[in-house]
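This is a predicted model, so every value here is computed, not measured.
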Amino acid sequence: MSADAHAEHAHGEGHAEGTLRGYLIGFGLSVVLTAIPFWLVMTGHFDSQTTALAIMGFAMVQIVVHMVFFLHMNTKSEHGWSMMALIFTLILVVITLTGSLWVMYHLNTNMMPGHDMSQMP
């Protein structure tokens, strides 16, 4: 058995393999998708609600970048199971973000009024 045939047999035909170029593209996108929200928060360029929405958008895009470039998920590998994993992950992210925002909103609106810490002795 030749080395090429052995390598093909070991990795399977339907599996995506990472290349240095793919990993570098994924890393570059990850750095950019982290730096932009950091810049938005540090400069205060937008109001807090717009900044929070932008950060969530960049987070969702970054999850997809990690799944594509580092986890090698696409519609062809493993007979579509990778796409099912992507859909499942996106559903979990939406549930987690929505639940977190709901909890934070209700914690903010249901805090006891009248507690001004500056007037404490």
Side-chain angles (χ1 to χ4, degrees):
M1 183 183 280
S2 69
D4 292 335
H6 180 68
E8 184 178 317
H9 177 69
H11 294 291
E13 293 180 17
H15 298 284
E17 293 184 31
T19 62
L20 180 60
R21 181 177 180 264
Y23 286 126
L24 289 176
I25 290 171
F27 177 73
L29 287 172
S30 297
V31 168
V32 169
L33 292 170
T34 301
I36 292 173
F38 182 78
W39 174 81
L40 288 173
V41 169
M42 294 305 290
T43 61
H45 190 70
F46 298 112
D47 61 302
S48 61
Q49 186 175 9
T50 305
T51 303
L53 289 173
I55 290 172
M56 284 190 292
F58 281 109
M60 286 189 258
V61 172
Q62 192 168 61
I63 288 170
V64 173
V65 166
H66 282 259
M67 291 178 76
V68 170
F69 286 99
F70 300 120
L71 298 177
H72 312 293
M73 292 184 154
N74 58 30
T75 56
K76 293 180 177 62
S77 65
E78 299 178 24
H79 305 290
W81 280 107
S82 292
M83 184 54 69
M84 293 291 284
L86 174 63
I87 292 169
F88 180 71
T89 302
L90 292 176
I91 290 171
L92 284 180
V93 166
V94 167
I95 290 171
T96 303
L97 289 175
T98 304
S100 297
L101 291 174
W102 181 77
V103 166
M104 288 188 289
Y105 172 78
H106 285 283
L107 282 174
N108 188 39
T109 57
N110 295 327
M111 293 296 291
M112 291 176 39
H115 285 253
D116 189 8
M117 297 301 287
S118 63
Q119 295 181 5
M120 299 279 297

For this session: Would you please classify the geometry between the His72 ring and the Tyr23 ring as parallel, tilted or perpendicular, with 30° and 60° separating the classes?
Result: perpendicular

Problem set entry | More than 12 heavy atoms from other groups under 6.0 Å of CZ on Phe27 | no

Exercise. CG/Leu20 to CD1/Ile25 distance, rounded to the nearest 0.5 angstrom?
Worked result: 10.0 Å

Exercise. CD1 of Ile95 to CG of Leu90: how many Å apart, nearest 0.5 Å?
Worked result: 11.0 Å

Between [X] and [Y], is there shared hydrophobic-cluster membership here, with clusters defined by ILVMFWY side-chain heavy atoms closer than 4.5 Å?
{"X": "Met56", "Y": "Val32", "value": "yes"}
{"X": "Val94", "Y": "Leu101", "value": "no"}
{"X": "Phe88", "Y": "Val68", "value": "no"}
{"X": "Trp39", "Y": "Ile55", "value": "no"}
{"X": "Val41", "Y": "Met104", "value": "no"}

Seminar exercise, completed: Smallest heavy-atom separation, Leu33 atom then Phe58 atom, equals CD2-CD2, 3.4 Å

For this session: Indicate the atoms forming the closest heavy-atom contact of Thr43 with Leu40, along with that distance.
Result: OG1-O, 3.6 Å

Exercise. So do the side chains of Ser30 and Phe69 get within less than 4.5 Å of each other, counting heavy atoms only?
Worked result: no

For this session: Only one of Thr96, Val103, Thr98 passes side-chain contact (heavy atoms from CB on, under 4.5 Å) with Ser100; say which it is.
Result: Thr96

